[in-house]
Amino acid sequence: MAWSPQDLARLLTDAQNGPHYSLRAALALADGQPPPRIAGLVARLTGSKRALWTGIAHVTGTAGPPDDAGLTRLAEWEGQAVRALTPEQLALRLNGRAVGELLLEHVREILWTAGQIAAQADRVRMA
């Protein structure tokens, strides 16, 4: 199934900012200074986003992610960036895979990371 830019943007937005089972919801569980494991998950996801979008920018000829953006700002930028892609750009190959496939895999990574953060936040509360 081919996903449209709007479909992928909606999936990314929901995975990052949805009211339940999202990255934002998971981070809200970790009040105050995040423990090292949560900070590591956030840093890894931020780096993954930056690397993915740098590659997408290279193959699509679009602007890359802002250099100074943290996870929240990068996630906002990402939603706008995917909406600006065309179906033809989503079909372009990056490391042998279609850009659209990579973005769908990235949605899964965001949700997996959110689950890991929620699990770590729950451990902190129970400690």
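All heavy atoms count here, side chains included; hydrogens, waters and symmetry mates do not. Residue indices begin at 1 and follow the sequence shown.
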Verdict with supporting geometry, I117 and L29, side chain to side chain contact (heavy atoms under 4.5 Å, CB included)
CA-CA 8 Å; I117 290 170; L29 295 173; over 6 Å; no
Where [X] and [Y] come nearest, the two heavy atoms and their spacing:
X: A15; Y: I110; answer: O-CG2, 3.6 Å
X: A81; Y: W53; answer: CB-CZ3, 3.8 Å
X: A98; Y: A91; answer: CB-O, 4.1 Å
X: P34; Y: A39; answer: CB-N, 4.3 Å
X: P5; Y: V82; answer: CB-O, 3.3 Å
X: L90; Y: S4; answer: CD1-C, 3.9 Å

With a 3.5 Å distance limit and no angle check, can you tell me whether [X] reaches the backbone of [Y] through a side-chain donor-acceptor pair?
X: T113; Y: E109; answer: yes
X: R50; Y: G70; answer: no
X: R83; Y: G79; answer: yes
X: Q89; Y: T60; answer: yes

Any [X] side-chain heavy atom under 4.5 Å of [Y] side chain:
X: L23; Y: L111; result: no
X: H58; Y: T54; result: no
X: V42; Y: L27; result: yes
X: L52; Y: L103; result: yes
X: R93; Y: E101; result: yes
X: E78; Y: Q16; result: yes
X: T72; Y: R24; result: no
X: P65; Y: L74; result: yes

As a quick check of understanding, evaluate side chain to side chain contact (heavy atoms under 4.5 Å, CB included) for L45 and H106, giving each step before the final call.
CA-CA 9 Å; L45 183 60; H106 184 57; 4.1 Å; yes
Could you walk me through whether N17 and E76 pass the side chain to side chain contact (heavy atoms under 4.5 Å, CB included) check?
CA-CA 9 Å; N17 297 312; E76 290 171 7; 5.6 Å; no
CG (N95) with more than 12 external heavy atoms under 6.0 Å
no
Roughly how far apart are T13 OG1 and Q80 CD, rounded to 0.5 Å?
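The OG1 atom of T13 sits 9.5 Å away from the CD atom of Q80.
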What is the distance from atom CH2 of W77 to atom NZ of K49, rounded to the nearest 0.5 Å?
10.0 Å
Membership question, hydrophobic clusters at under 4.5 Å side-chain separation (ILVMFWY): are Y21 and L71 in the same one?
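No, separate clusters.
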In sequence, state the C-alpha distance, the side-chain angles, and the governing distance for L41 and W112, and then conclude on side chain to side chain contact (heavy atoms under 4.5 Å, CB included).
CA-CA 10 Å; L41 288 164; W112 180 88; 4.2 Å; yes
